[in-house]
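Everything on this sheet refers to the single structure shown next.
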Amino acid sequence: MYRRCCKSFKMKSRCSNQIASKAEKRLRNTAFVSTRSICTLLTHSMQRNDANNFSLFLVQQLCKVQKFVVFTAKDGPMVKDFISLGMDVVFCSIQADTYLHDLSEKLNFYSIEMFWLTR
């Protein structure tokens, strides 16, 4: 009886150690993600097409180690896919006269630096 109890206790403590180490890894990953700057994904629309499907695939793989914000010009069915991954989806119309100003303000809101390249 004593041996069985000891084995049972050792198994439970091993299992709880494994759970604790998984939780610790998850916490470390969260801390790692929170210290990195936010990555921006810019799309022209949220329609289902090859480019947006590939973007979604990339974000699914990278969102474990990187925060993302999605900027798009048009609404579409893929908005739900990005939101389900925990990302903000920001709409910014490219047809507005104040597009660059609006985009700049929204990027500043998320503390994303923007560099303009000129010739």
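Transitive grouping of hydrophobic side chains (ILVMFWY, heavy atoms separated by less than 4.5 Å) keeps V89 and L42 in distinct clusters.
We find the CG-CD1 distance between D88 and I83 to be 8.5 Å, quoted to the nearest 0.5 Å. We find the CZ-SG distance between F68 and C39 to be 4.0 Å, quoted to the nearest 0.5 Å. Between L58 atom CG and N53 atom CG the span is 11.0 Å, to the nearest 0.5 Å. Atom OG of S55 sits about 7.5 Å away from atom CE of M78, to the nearest 0.5 Å. Within the model, atoms CD1 of I38 and CD1 of I112 stand 5.5 Å from one another, a figure rounded to the nearest 0.5 Å.
Between F109 and V90 the shortest side-chain heavy-atom distance does not fall below 4.5 Å. At least one side-chain heavy atom of Y99 sits less than 4.5 Å from a side-chain heavy atom of C92.
Counting all heavy atoms, side chain and backbone alike, A73 lies closest to H44 at CB-O, 3.5 Å. Considering every non-hydrogen atom in both Q47 and G76, the closest pair reads NE2-CA, 3.7 Å. For the pair K106 and F71, the tightest heavy-atom approach, listed with the atom from each and the gap, is CB-CE2, 3.7 Å.
More than 12 heavy atoms of other residues, nucleotides or ligands sit less than 6.0 Å from atom CZ of F91. Under a cut-off of 6.0 angstrom, the local environment of CD in Q61 is crowded, with over 12 non-hydrogen atoms contributed by other residues, nucleotides or ligands.
When the options V59, V79, V69, D81 are evaluated for a side-chain contact (heavy atoms from CB on, under 4.5 Å) with M87, the one that passes is V59. Under the side-chain hydrogen bond (donor to acceptor under 3.5 Å, both in side chains) rule, T43 has a single partner from N52, T72, N49, which is T72.
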